[in-house]
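Scroll down for the structure; my scribbles are underneath it.
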Number of protein chains: 2
Amino acid sequence: MTSQDTALSGGKSARVRQYLVGLIEGGMEPHARMPTERDLAEQFGTTRLTVRRVLDQLGHEGRVYRTQGAGTFVSEPRIAKSVDLTSFSDDMRARGLKPGSLGTKIESISAGADFGARLQISPRDAVIHIARVRIADGVPMCLEHCYMPASLVPGLEVRELQGSLYETLWRDFGVRADKAEQSIRATVLDGDNARALSVPEFSPAFQVERIAYDARGRRIEYAVSIYRGDRYSYDMVIYRNAGN
Amino acid sequence: MTSQDTALSGGKSARVRQYLVGLIEGGMEPHARMPTERDLAEQFGTTRLTVRRVLDQLGHEGRVYRTQGAGTFVSEPRIAKSVDLTSFSDDMRARGLKPGSLGTKIESISAGADFGARLQISPRDAVIHIARVRIADGVPMCLEHCYMPASLVPGLEVRELQGSLYETLWRDFGVRADKAEQSIRATVLDGDNARALSVPEFSPAFQVERIAYDARGRRIEYAVSIYRGDRYSYDMVIYRNAGN
DNA sequence: CAGTGGTCTAGACCACGAG
DNA sequence: TCGTGGTCTAGACCACTGT
């Protein structure tokens, strides 16, 4: 849909990206200079434009920073990549933790006005509701409620949900989440939620609401998650845009 | 530094962007189709690449969405542009509120180990500390502590800080914030902070830490802000990236 | 000054959506 | 089938950094 997809497809950008990510993760020191755009273009038999799209994207993800006239440099690793659409599983693995779930429940309900509006389906359509406690290295991190049009995931079973929901959607149902709108709010945990996350009542937490879309713009998921505030932060790189 | 700057400079992208933002804000209905890339390129005497950079950027900002084969469409307005580097003042004005400050204090301190490291200056260098309660339509929204190398803002006075700090930096000191690394945490308000924001103790809040850079990569600001959780949310559009 | 990233041109072909 | 956005080519010139 935008240049992000570059690396998903089999284009040249993908190879350039893999190479550069390999460099970054494979031992380049922070603030070390990356190869120049022109060198990379020649090395991969492509043009600067292609290389630039990849480097700009890596810049957005906070993995490199670029300075006109000087070069492109490896960022310090502390900046996370929270402005990607990632599954909880991938997120935890990227942090070196082992993701898992507790007490996964699946039910089918009718959408009603609320979920109907959010998923843009009829209020009478069936919706699959998945509730899970997500854990990392055995520690509860997040309470997750996910709602999907039942027509998208016929016959979804609990046992398919060991790992990443998005992986399951893609592997078993050919549905791919490409984009999402996400809203993050600050909240405190009430008794039930606090117990489920093994933290004291009134602990700070994030409430994250998300609507995910596939490449055709169809809404495929509405999710509400509660993340422990003591274990989570959102780290991002932001740029100044035009004054509009 | 990246394509964002396009619209800051006087290039053709700027004109295209202004035109498109004008269309979006000037009455196009949500989900209405925007002009095609080829039409825009012809209209502005430029190429598709230039138009595409602008449209991709607007997509990232959540103002339009794009579907291959179908076109580019205006987003529903509810998605905010929180992944921009904006000042509190601009942010509030974009929401239709009148920004202001209460109890602004400026002091000069020596950086010490902490601010020295964060601003990458010597611990003995002077640092300007600005503390303010930011208000919108007279209502306290946010507590802001901002630290800048004193050498960047010689002679900065309280009276210059009526509006946006970033505007003051640019207008009076030629310093422009182009990029920032930002970390958002969930927290609860203790007594003093709760009183300053006129909310009950233990209310949920965001703690936002930010290091701002200019185009040359120099650190120009370290800021810690506490935002009321009941008045604030972070809304963003996120895309799925390569698997890496 | 040489070399880097930033912007832009003028095309091309492909993948996909809708009629 | 036609028009859309997605990817890519092979150049060009400019702005800026660092020596």
Side-chain angles (χ1 to χ4, degrees), chain A residues 1-17 20 31-42 44-60 64-73 174 176 178-179 213-218 239-240 242, chain B residues 1-17 20 31-42 44-60 64-73 174 176 178-179 213-218 239-240 242:
Chain A
M1 174 169 253
T2 62
S3 49
Q4 274 74 7
D5 304 79
T6 310
L8 287 174
S9 0
K12 297 200 178 186
S13 306
R15 284 194 289 279
V16 177
R17 184 187 164 94
L20 292 175
H31 307 293
R33 212 174 84 184
M34 312 270 300
T36 70
E37 296 179 355
R38 287 167 178 88
D39 285 351
L40 287 166
E42 191 185 7
F44 284 89
T46 181
T47 59
R48 271 186 72 203
L49 177 65
T50 302
V51 170
R52 274 184 67 73
R53 280 214 321 272
V54 175
L55 286 170
D56 279 345
Q57 175 63 20
L58 292 172
H60 267 291
V64 303
Y65 60 92
R66 324 189 69 199
T67 308
Q68 180 172 160
T72 300
F73 306 87
R176 162 159 244 136
D178 265 353
K179 175 193 158 183
Y213 300 81
D214 69 8
R216 314 230 275 274
R218 294 181 305 195
Y239 292 92
R240 187 158 185 86
Chain B
M1 173 169 257
T2 61
S3 50
Q4 274 74 9
D5 303 79
T6 309
L8 286 175
S9 0
K12 296 198 176 183
S13 306
R15 282 195 290 278
V16 177
R17 184 187 164 95
L20 292 175
H31 307 292
R33 211 173 87 183
M34 312 268 302
T36 70
E37 296 179 354
R38 287 167 177 88
D39 285 351
L40 287 165
E42 191 185 8
F44 284 90
T46 181
T47 61
R48 271 187 72 205
L49 176 64
T50 301
V51 170
R52 274 184 66 73
R53 280 214 319 273
V54 174
L55 286 170
D56 278 344
Q57 174 63 19
L58 291 171
H60 267 290
V64 303
Y65 60 92
R66 325 189 68 198
T67 308
Q68 180 173 158
T72 299
F73 306 88
R176 161 158 246 138
D178 266 354
K179 175 193 159 184
Y213 300 80
D214 69 8
R216 314 224 272 281
R218 293 180 306 196
Y239 292 93
R240 188 158 185 86

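Just so we're on the same page: letters track the sequence lines, and every chain starts at 1. Since this is a predicted model, take the numbers as computed values, not measurements.
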Minimum side-chain heavy-atom gap [X]-[Y] below 4.5 Å:
X      : Y      : value
B:V16  : B:L20  : yes
B:R33  : B:T72  : no
A:D214 : A:K179 : no

- request: Indicate for each nucleotide in nucleotides 12-19 of chain D, in 5' to 3' sequence, whether protein heavy atoms under 4.0 Å reach the base (B), only the sugar-phosphate (S), or nothing (-).
  value: BB-BBB--
If I take atom [atom1] in residue [X] and atom [atom2] in nucleotide [N], what distance separates them, rounded to the nearest angstrom?
X      : N      : atom1 : atom2 : answer
A:L55  : C:dG5  : CG    : C1'   : 10 Å
A:R52  : D:dC8  : CZ    : P     : 15 Å
A:D214 : C:dG17 : CG    : C1'   : 13 Å
B:L40  : D:dG3  : CG    : C1'   : 15 Å
B:R66  : D:dT7  : CZ    : P     : 10 Å
A:M34  : C:dG5  : CE    : C1'   : 14 Å
A:E42  : C:dT4  : CD    : C1'   : 16 Å

- request: First locate atom CZ of B:R66, then atom CE of B:M34, and finally report the distance between them rounded to the nearest 0.5 Å.
  value: 9.0 Å
- request: Check whether any side-chain N or O of A:T67 sits under 3.5 Å from a backbone N or O of A:A70 as a donor-acceptor pair, and report yes or no.
  value: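 Checking the backbone N and O of A:A70 against the side chain of A:T67, no donor-acceptor pair under 3.5 Å is found.
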- prompt: Distance-only, no hydrogens or angles: does the A:K12 side chain make a donor-acceptor pair with backbone N or O of A:V51 under 3.5 Å?
  reply: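 No; judged by distance alone, with no hydrogens or angles, the pair does not exist.
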query: Base, sugar-phosphate, or nothing: which does B:T47 touch, judged by heavy atoms less than 4.0 Å apart?
result: base
